[in-house]
Amino acid sequence: MNAIIISALWGIVMMFSGIVSGNKSTVRITAIVGLLLLLVVNWLDMTGVHLFNVDSHKMLFFDTFGLLGNCIAFASTLLYVLLSGRDIEKVGVNTAEFFALIFFVLCGVSLVTTFNTLLMLFIGIEIISIPLYILTGADKRNLKSNEASLKYFLMGSFSTGVMLLGIALLFGASQTGTFFIDDLGVGKAALSPLFISGLLLLLVSMGFKVSAAPFHFWTPDVYDGAPTVFTSFMATIVKAAIFIGFIRLFDEAFGDSQPKWQLFVAILTAATLFIGNLTAVFQQSVKRMLAYSSIAQAGFMLLALLSLNGIAREGLILYAAAYSLATIGIFAILIKMKDYTFEGFNGLAKHHPVLAATCTIFLLSLAGIPLTAGFFAKYYMLSAVIATGKFLWLVIFAVLCAAVSVYYYFRVIQAMYFKEGDAQTLDQGPLFRGLLVFVAALILLLGIFPDLLISKLYTMIYIW
Amino acid sequence: MIPVLLIVIPLVSGLIGFFLKNEKSARGWSLFASLVTLVISLWGLSLSKGSALLHADVEWLPRLGSRFAVGLDGMGQILCLLTAISFPIIFIATWRDEYKKAWNFYALMALSQAGLMGVFLAMDALLFYFFWELALIPVYFLCSIWGGEKRIQATFKFFIYTFVGSLLMLVGIIWLYSHTADHSFSLKSFYELRSRVGSQDQMWLFWLFFIAFGIKMPIWPFHTWQPDTYEQSPNATTMVLSGIMVKMGLFGVIRWLAPVLPVGTWAWGDTASALCIIGMIYASLVAIRQDDLKRLIAYSSIAHIGLMCLAIFATTAAGLQGVMIQMFNHGINIIGMWIVVDLIERQFHTRKISELGGLAQKAPGLAILLVIVALANVALPLTNAFVGEFLLFSGVFSSTATTYSAVFTAVAGLSIILSAVYTLNMIQRVFFGNTNALTEKGTDIRLNEKWVLAAIVVLILVVGIYPKPVLDLTKETVETILTKMNYKL
Amino acid sequence: MPINYYIFLSIALFCIGVAGVLTRRNAIIIFMCIELMLNAVNLLLVAFSKMHQHALAVTNPNAGIDGQLFVFFIMVVAAAEVSVGLAIIVMMYRNTHSIDVNFLNRLKH
Amino acid sequence: MHITQILFWSLSILALLSAILVVVSKNPVHSVLWLILVFFAISGHYILLNAQFLAIVNLIVYAGAIMVLFLFVFMLMNLNADTEPQKNKWLKIAGVIAGGSLLLVMVAALKNADMKNQLAEMNTGSIGLIHNLGMVLFTDYVIPFEISSVLFLSAMVGVVVIGKKD
Amino acid sequence: MSNIVHLVWLVPVLPLAGFLINGLFRNQLSKSLTGLVGCGVLLAAFILSLLMFGEVRREGFEPVVVSLFDFISVGKLHIPFAFQVDQLSILFLLIITGVGFLIHMYSTAYMHEEEAPHYARYFSYLNLFVFSMLLLVLGANYVILFIGWEGVGLCSYLLIGYWFKNIDYGNAAKKAFIMNRIGDLGFLIAIFWMINQFGSVTFGEVFTKASTVPVAALTGITLLLFVGATGKSAQIPLYTWLPDAMAGPTPVSALIHAATMVTAGIYMIARSNILYSLAPTTQTVVAVIGLATALFAATIALRQNDIKKVLAYSTVSQLGYMFLGLGAGAYTGAVFHVMTHAFFKALLFLCAGSVIHAMGGEQDIRKMGGLRKHMTVTHLTFLVGCIAIAGIPPFSGFFSKDEILSAAYGASPVYYIIGVFTALLTAFYMFRLYATTFLGHFRGTHEQEHHLHESPSAMTIPLIVLALLAATAGFLGIPAIIAPHAHWLEHFLEPVFAGSANLPAVVAKRSAAEQGGNMEGMLMGISIAAALIGSLWAGLRFSRKPQLEEPTGFAAVLANKWYVDEIYNALIVKPLDALAKFFSGFVERSVIDGIVNGVGRLVQYGSRQIRLLQSGLVGGYILLMVIGILVLFLVELFVKK
């Protein structure tokens, strides 16, 4: 609860901070303060200190899984603002509003991670989506930005419709006429065709939000068209959060009827991995390549959904962390590049060794090479599926796709280290580089001692 | 204690090396570090088998049931010794090679050494996989940055190829892990699996591992990355690749495949052996046609590795013993060959056999040393390789794992003849005959190179004449592995 | 009324909406079709709420009321969406003087 | 045939027909009007189902506010029939087919739902009354109610960001 | 005095030392010093062997095994690095060191034109060769024997290719090495088989267990061993390398390709006589192959005009004789012939060497003739050699050859008839050679004639010594028919061959031979007659009009060695090369690598196609989404879970 309220309030604070002081950096500082505050209060929540005791009538349920998801979301947002805050200012004049929207999104995020009824899920997702439509179109003069936001909006609202139909059908199926996720599938309800249809429609709409094939088509265009800073935000924090919601929903509501839907998830996963990795191979622009790679990564995260077990839950948190860290880092570097194509990276190592080195670590992490967090993330996903004893074909397929992913990630490394050229970058301060190094170090640390994060989870998640 | 040192010293020295920003000091530093490593591994040799110093086991990932467990058994000893010896030799032999940003080069070399050591020392599957990859990454950069003109494609192919293999292996490892009694990656619990995993599962699991190792060795038909990579990568790296890295595959089969999945190994033994033999003959024949020295040696190496792999599947004491000693010998010999190639290339800037000739007149010293190394390559008696191949072949012949042992021996034996053919061709066309315009101004090798080669020759002869110590080193390992391999469901 | 009628009715409306989304190129019309889909859902929800009430009236007088409240929230959200959506469309119209969804087609492949 | 049934059928047919017309009518303004008609039909259904509050809100919010907004936009852009370029007809057909088959599939999926006996109770029951709805809304549903303010807030901010000239 | 035998390890070590000294300090040592070292070590070795011989010849001497260290020991298999001294090995020891010493001495003069480093290289190789040869004969088990076996192969490679600037010589060397390798493979497999059968490769154990293993296994092992022998001792089908090996310096041909190395095969089979006697099939094969080789090589030798080539083929033919002897069970005879052959063939080669030396490198006998006037010693010694090889009593060749022939008759009259015919041919071509070279009048250029001279004493002394041996060595083995119990050699070697001699089958055969004892005189007469006819006919004919015209018809076939090399080329070398070309050119590039790269290309192609789904049109996207939903529902409806 703390996080939800504080984020909402701080959103308003941000709105006014713009009016109070024209100075953009103060706005940014305020945002950073707000994020720190969010982290603290969220942590307090985890430790059982509730600043506001509001009776949510079981509409929200605060378990460690969700709160940890919040933690990761807030922490990565903090990193994101620290790394790319200045670039947000560059997008348009309404910096304060952008930050405000970001905070509203965070509010939605904390709803999605802790919802207990479909209503809250719906509202949360809408609170996330609507600001994102705006942020996508934030670069008003840029036609690409317009196009992206239009596409995003139309398809987003379409998927909302689908989701609502699903919810309605589930409501119809439920015995007691309720939206509480833990009463949905009980009793005869689970047998009704309404139930399974509703489930499928929810799967589709949630799949749309996490860009699972064949509902991923918005992703490349939107990520490509949106201002890069906001792409970074969408691709990491939002996606990770919605995934947590996704897992939560299917675990609580449909956990018992897993055999009914496992096959569908398997199909979606395979399709996502296939399309994401394969399409990324041919891209010429790194930004668009990253969009497709985010689809591919989503495919891996879907493996956690496929096999809803302890390993999967831990793994998802780790994956979210690893993926967010690496992607935020790469986008932070990408923003600094003058040319987003692969050629734009040629010879980066010569001129900006630090950027190149850290970028390499991020890419290795995304590719899942050992010694980086990405390896353990992927490792967990694989072992989660293997633990179920089924879908071995999917595991093999997944690793083959991972091998394909190496192809396009390493194209960047090759460009930076082995190709001749002079990569043009915008100026970046020592602080920026320091932060990059910090993030890289974090990734390596998680890659060598994932227990730092996991063993805590372990204890927590199994209480839940 | 010692295993940790063997990993940490190269690792740290490498990391430091990145910041030395000066060619000379970097070179000296890495040579010094590698010598220290050598001393450590010799110290390890001097200790008795039971010594506590030979093992280390630290908490690493308790949640995953994976520990930082490293240890030196017989096989580890011999392979670590090989690694430890090779690097100083390589550094000295290529002392005069020029690299841009040399400090990075030497640092990466040291890192790859750390990775290799780790692979040979790991007593924990996950750790093993870690080092398996860790050894790959530096080599990838070494080849792609300092390699030949087609380096990027060639090395990338190599990387993807091996990466696919290792990912399959990862799947296998995880599967096995999820079936261990105590959910642990430790070698011990993996060895207990052979009774818990049904023969059906062992059948397909075998390939998950064997493909990974087969690509690394490489076994026909997974070999095509190798000649290109050797050809393109800088000589020092080629030495590491062919001298030590290919042993990772064999090592993997001996430690992580055959004893863990004995039934699968048994069932697929003939198929795998057939691949090995095809590879031997095939590679030898291809080698005959090669004009580039590096490619020739690459293919000859494929043939030799095939023989070793064949002997593993024979599951005989002699065969395994032969593999152990031959892994060492092959490493030494082929590094010797590469050194010669390196010298030739540095002098004449070509590796084309057709462009060389008559070197024996200009560089008698080089010629003599090469001839000895080459003779070791064709396993002439009183060279180290003879002992190895003798054991390998006798192991294969007396194998009870297959019904075709005699056929295998006979067909594989043809490679002995073929190896003589291409090796002598090479010697003759490079060193004998008359000099041409290019080799006219050739000179004999310098002292340091002469001493390095001499050291290699001495190793070759000593092991060839008195192999007993080396054989005794691995006796126990062989017996334990053998008992595990002979397990039946 | 048997609930099936409502189910089929609203699904029919929903699918008409979908068909509209697929067949038109005018952004606003598409958007309207989406609204149509939402209304279909609303109708369904109300019908279900009544169904639940009918079924559970004895135990709980307020049974099924959640359905109607959900409809209320859907309307809320729809209103918000409309405002944003129209804003976006207007913005696009400003830049391109067209509301043809296929007019802007820079992002592809 | 009972009066409510007659109403039900007529309203349903009205809703469907006008919905189809929304889709097919060339002139956007016309389709807006047809859509309003759909809303009226649906409100009628609400009344049949004794959900007066929703019926009213539906009319006010949708038919009243939202549709007017749409109309405004149309006026703003003064678009008329032939401004919309024709989509190539294959895509049109594909769309229709897709929609139709979606209908088919869902009907197929739901037809054998054993709900023959399940009835949607007509023009009785009190839950649809504003009093009960209000009670529940401001007790159990207070959280979502408050939260949706955030939604509006963000929408507002967004519209400002997008809409205002700079 | 028994300790002297335990010093046996010194015998090989001495030449090894010589090799190291000459090899490492080849740039420092002066020629004379090099020669001194080279010969010195051999002389020392020879004296040592003599001392040991004195020890060994005493009655009731038991074979001594001197084990130096554990070479390979794995599991149950133990292969010590051990030497065995018994009558057989001591005999070979004497031949090798003795003849070896003479040839070293000869070489000091013959190779005098070489400059110092190469001179030293030559001697170091020669010493290395002697070392490996000694390993071969001293080894107490098959592995050590094999080490020597391959060692001598290497040395012959090095020495044939001694003049490495000449590519043809290099090729000859390569050919020699590879052909030997083929044989060696057989040998190796035989060893593995032995390890499998006997669990050991030590002579003692193997021979004692021999009678316990099935005959089939023995046959296999012995045949494989024999394959090894055909390679090393130049028998059909692996003989073609030997004539080419004449590329090497003449003393080398004398030492390696006449006196010692090529007889390794005979030594090995004689050493494992028990195995062979237990495998009659193999014995037949050995006999037939030997006989065939003898005849075949003899026919080729008839029309060769290169003085060394003639000798080379005669060597092949004589080796054939020895195998015939082994096949017929006359191990003593074979060894006897090895010894005598070592003397007279070495003599002949050295003479040829001195002729070539005098002719300034000319080897074609058609350009010689009438040399007897110019080089007396060479001429006389060569004549002795010819008589000896032709088998005319009382020279050594007669005795050894006769022993083999009579044994052959014991085995089967056919052997005998062909053998005698071959003997006739031998006499014929040897005297053709002698006559064309030394009789008649000189046919070379003028300055050659002016340059003609007798060789220095360093070369003539060995000739004379060898001539004496060739003339007299025969009396070591006087047949029983002439003087009973005078066959010293048989008596001496008895303990070695006792094992096989007492096998029931062999005993029976011998008794049968005793029945036909009276035949022996007649047989001897026939062979003498054959030898005389052949030699006189050839001598008289070619002394008057030597054969200068190019051969035609069948003669051409002979002159071209039955085109065997060409046939091998067409049947083995070419196809293999084609196969290699096919592999490296097509399979490697197109098939295997093609598949690997193909996968990569497939991915890229797929990527290029799939990205077209991303049409950029919202309608299309939503359409695809709807289709996705449809698919899910269809799966739900129709896929039974």
Side-chain angles (χ1 to χ4, degrees), chain B residues 157 160-161 220-221 223-225 227-228 282 284-290 299 316-318 321-322 358 360-361 364 368 371 375 378 380-382 386-387 390-391 393-398 406 409-410 413-414 416-418 420-421 424-425 428 431-434 465-468 471 475 478-479, chain E residues 23 26-27 69-77 79 81 117 121 132 143 146-151 153-154 157-158 161 164-167 169-171 173-174 177-178 181-182 184-186 188-189 191-193 195-196 576-577 579-585 587-588 591-593 595-597 600:
Chain B
K157 182 172 163 187
I160 295 254
Y161 215 144
W220 186 91
H223 66 279
T224 46
W225 61 267
D228 302 349
Y282 178 90
S284 311
L285 282 173
V286 175
I288 294 176
R289 299 286 309 182
Q290 296 306 318
Y299 281 107
T316 53
Q321 194 62 273
Q361 300 162 43
I368 293 164
V371 168
L375 293 175
V378 301
L380 209 77
L382 296 191
F386 172 73
V387 182
F390 182 85
L391 288 171
F393 274 111
S394 70
V396 174
F397 188 91
S398 57
T409 320
L414 295 178
I416 295 185
I417 301 167
L418 293 173
V421 174
L424 295 189
N425 270 332
Q428 180 171 353
F431 284 87
F432 298 160
N434 265 319
I465 293 168
Y466 191 59
K468 199 170 185 308
L471 291 174
K475 217 180 219 66
V478 168
E479 281 150 7
Chain E
R26 63 188 188 291
N27 299 329
F69 55 86
D70 220 354
F71 181 48
I72 295 175
S73 84
V74 172
K76 293 177 295 302
L77 172 65
I79 303 171
F81 204 107
R121 186 161 61 91
S132 351
V143 173
F146 184 77
I147 292 175
W149 188 270
E150 287 241 301
L154 167 66
Y157 166 76
L158 292 172
F164 54 72
K165 286 184 196 169
N166 182 328
I167 287 296
Y169 293 3
N171 291 334
K174 218 168 63 193
F177 191 83
I178 288 162
R181 252 315 159 94
I182 297 170
D184 297 350
L185 178 57
L188 257 184
I189 295 176
I191 293 180
F192 301 140
W193 201 335
I195 294 175
N196 231 17
L576 260 185
D577 201 47
L579 189 64
K581 192 172 182 155
F582 173 69
F583 279 162
S584 63
V587 178
E588 182 76 355
V591 179
I592 301 179
D593 213 13
I595 290 170
V596 176
N597 297 338

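Sequence lines set the chain letters: A, B, ... in the order given, protein chains first and strands last, and positions in each chain run from 1. Atom set for the values below is all heavy atoms of this structure, side chains included, hydrogens, waters and symmetry mates excluded.
Of the atoms belonging to B:Ile368, it is side-chain heavy atoms, and not backbone ones, that fall under 4.5 Å from chain E. Heavy-atom distances place the side chain of E:Phe69, and not its backbone, under 4.5 Å from chain B. With a threshold of 4.5 angstrom between heavy atoms, E:Phe177 approaches chain B through side-chain atoms but not through N, CA, C or O. Neither the backbone nor the side chain of E:Ile595 comes within less than 4.5 Å of any heavy atom of chain B. Contact annotation for E:Phe582: neither backbone nor side-chain heavy atoms come within less than 4.5 Å of a heavy atom of chain B. No part of B:Trp225 comes within reach of chain E, as not one of its non-hydrogen atoms sits under 4.5 angstrom from that chain. At a 4.5 Å heavy-atom cutoff, the contact between E:Asn171 and chain B is made by backbone and side-chain atoms alike. Proximity to chain B is limited to the side chain of E:Ile195, based on heavy atoms less than 4.5 angstrom apart. The contact between E:Ile592 and chain B is made by backbone and side chain atoms together, counting heavy-atom distances below 4.5 Å. Only the side chain of B:Asp228 comes within contact range of chain E, with at least one heavy atom under 4.5 Å from a heavy atom of that chain. Interface remark: E:Ile182 contributes backbone and side-chain atoms alike to the contact with chain B (heavy atom separation under 4.5 Å).
Chosen from B:Trp220, B:Tyr299, B:Phe431, the residue pairing most often with chain E at heavy-atom distances under 4.5 Å is B:Tyr299. When the candidates B:Ile160, B:Ile288, B:Asn425 are compared by the number of heavy-atom contacts under 4.5 Å with chain E, B:Asn425 comes out ahead. Taking B:Gln361, B:Lys468, B:Gln290, B:Lys475 one by one and counting their heavy-atom pairs under 4.5 Å with chain E, the maximum is reached by B:Gln361. For the set B:Val371, B:Leu375, B:Thr316, B:Val378, the count of heavy-atom pairs under 4.5 angstrom toward chain E peaks at B:Val378.
Looking at E:Val143, E:Ile147, E:Leu154 one by one, the single match for side chain to side chain contact (heavy atoms under 4.5 Å, CB included) with B:Pro381 turns out to be E:Ile147.
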Practice item. Please lay out, stage by stage, how B:Val396 and E:Phe192 fare under the test side-chain contact (heavy atoms from CB on, under 4.5 Å). Key: CA-CA 9 Å; B:Val396 174; E:Phe192 301 140; over 6 Å; no
Practice item. Quick one: do B:Leu424 and E:Tyr157 satisfy side-chain contact (heavy atoms from CB on, under 4.5 Å)? Show the steps, please. Key: CA-CA 10 Å; B:Leu424 295 189; E:Tyr157 166 76; 3.7 Å; yes
Review point. Checking side-chain contact (heavy atoms from CB on, under 4.5 Å) for the pair E:Val587/B:Tyr282: CA distance, chi angles, key distance, verdict?
Key: CA-CA 10 Å; E:Val587 178; B:Tyr282 178 90; 3.6 Å; yes
Review point. Where do E:Ile167 and B:Gln428 land on the side-chain contact (heavy atoms from CB on, under 4.5 Å) test, with the steps shown first?
Key: CA-CA 8 Å; E:Ile167 287 296; B:Gln428 180 171 353; 4.0 Å; yes
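For the pair E:Asp577 and B:Arg289, the minimum side-chain heavy-atom distance is below 4.5 Å. Looking at heavy atoms from C-beta onward, E:Asp593 lies in side-chain contact with B:Lys157 at the 4.5 angstrom threshold. A heavy-atom distance below 4.5 Å is found between the side chains of B:Phe386 and E:Phe146. The shortest distance between side-chain heavy atoms of E:Lys581 and B:Leu285 does not fall below 4.5 Å. Residues B:Pro364 and E:Arg121 are not in side-chain contact: their nearest non-hydrogen atoms beyond the backbone lie 4.5 Å or more apart.
The distance between the ring centers of B:Phe432 and E:Tyr169 does not fall below 6.0 angstrom.
B:Phe390 contributes atom CZ, which lies 6.5 Å from atom CG of E:Leu77 (distance to the nearest 0.5 angstrom). Note that OG of B:Ser398 is 13.5 Å distant from CH2 of E:Trp193, once rounded to the nearest 0.5 Å. Taken to the nearest 0.5 Å, the CG atom of E:Asp184 stands 9.0 Å off from the CD1 atom of B:Ile416. If you take CG on B:Leu414 and CG on E:Leu185, they are separated by 6.5 Å, rounding to the nearest 0.5 Å. Once rounded to the nearest 0.5 Å, the distance linking CD1 of E:Ile189 with CZ of B:Phe393 reads 8.0 Å. A distance of 8.5 Å separates CG of E:Asn166 from CG of B:Asn434, quoted to the nearest 0.5 Å.
A search for side chain to side chain contact (heavy atoms under 4.5 Å, CB included) contacts involving B:Leu471 returns B:Gln321, B:Ile325, B:Leu391, B:Pro467, E:Ile72, E:Val74, not counting sequence neighbours. For E:Asn196, there are no side chain to side chain donor-acceptor pair (under 3.5 Å) partners at least two apart in sequence or on another chain.
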